[in-house]
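Working notes for the structure below.
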Amino acid sequence: MKKKKSSLLVFSRRNSSEVEEKDVRVIRVNYNDHQQLVQALENVHTVISCIADFDESCRGAQIALLNASIVAGVRRFAPSYAVAMIQFA
C-alpha cells in the first residue's frame, strides 16, 4: 500500500460543500482572528495562498495568513501573486 506523504487542507470564509471530498479537509476560518489561524496552521508544512486580490480586505487576509504562518512555524509560504495579476473586466 502506498504511504501518503501529504494532505490537502482548505481554508474558507464560509462553509463550502463543493470542495469537501474524500481527501480534502475544509476549515472555516476568520482571517481577522490571528489565534484561530495560528491554531489551524499547526503542523502545516506549506501554504499555497489562492486569495484573490479584489480589494483591501483580500490583501489583509493574505497578510494575516502569512503572519499566522510565521508564528505557527510553516516552512514554506507561496503568496497569490499570480491571482493578483489577473485583471477583471
Side-chain angles (χ1 to χ4, degrees):
M1 187 175 202
K2 191 174 180 179
K3 197 172 191 178
K4 191 174 180 181
K5 292 185 178 184
S6 61
S7 60
L8 182 61
L9 174 65
V10 174
F11 288 0
S12 177
R13 289 186 171 113
R14 56 186 175 268
N15 293 334
S16 184
S17 60
E18 60 252 9
V19 277
E20 292 179 357
E21 295 179 11
K22 188 176 182 179
D23 292 330
V24 177
R25 194 169 124 218
V26 179
I27 297 179
R28 186 173 179 192
V29 296
N30 176 351
Y31 288 98
N32 295 316
D33 187 339
H34 178 75
Q35 195 55 41
Q36 179 197 29
L37 284 172
V38 170
Q39 191 172 11
L41 287 162
E42 287 179 1
N43 300 313
V44 170
H45 183 277
T46 303
V47 169
I48 301 172
S49 176
C50 297
I51 298 173
D53 192 7
F54 293 121
D55 58 25
E56 191 61 37
S57 70
C58 295
R59 289 184 285 280
Q62 180 161 252
I63 291 169
L65 184 59
L66 172 61
N67 289 333
S69 294
I70 292 167
V71 173
V74 172
R75 295 177 139 211
R76 292 189 179 99
F77 185 92
S80 61
Y81 291 125
V83 175
M85 292 178 177
I86 296 172
Q87 292 183 357
F88 295 93

When you compare the side chain of F11 with that of V47, does any pair of heavy atoms fall below 4.5 Å?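 With C-beta onward as the side chain, the pair stays apart.
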Taking only residues two or more places apart in sequence or in another chain, which ones pass side-chain contact (heavy atoms from CB on, under 4.5 Å) with I63?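 Partners of I63 under the side-chain contact (heavy atoms from CB on, under 4.5 Å) test: N67.
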Residues in side-chain contact (heavy atoms from CB on, under 4.5 Å) contact with R75, at least two apart in sequence or another chain: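 For R75 the side-chain contact (heavy atoms from CB on, under 4.5 Å) partners, ignoring immediate neighbours, are H45.
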R76 side, atom CZ; I48 side, atom CD1 - distance, nearest 0.5 Å: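 Between atom CZ of R76 and atom CD1 of I48 there are 10.5 Å.
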Whether Q62 side chain and S80 backbone form a donor-acceptor pair below 3.5 Å: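 Between the backbone of S80 and the side chain of Q62 there is a qualifying donor-acceptor contact (under 3.5 Å).
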Pair up each side-chain donor or acceptor in residues 34-43 with any protein partner under 3.5 Å, not counting sequence neighbours, and list the distances.
| residue | atom | partner | partner atom | Å |
| --- | --- | --- | --- | --- |
| Q36 | OE1 | N30 | N | 2.8 |
| Q36 | NE2 | R28 | O | 3.3 |

Tell me whether V71 shares a hydrophobic cluster with V29, the cluster being built from Ile, Leu, Val, Met, Phe, Trp, Tyr side chains joined at under 4.5 Å.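 Each belongs to a different hydrophobic cluster.
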Distance-minimising heavy-atom pair for F77 and S69: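 Shortest heavy-atom separation between F77 and S69 comes out as CD1-OG, 3.7 Å.
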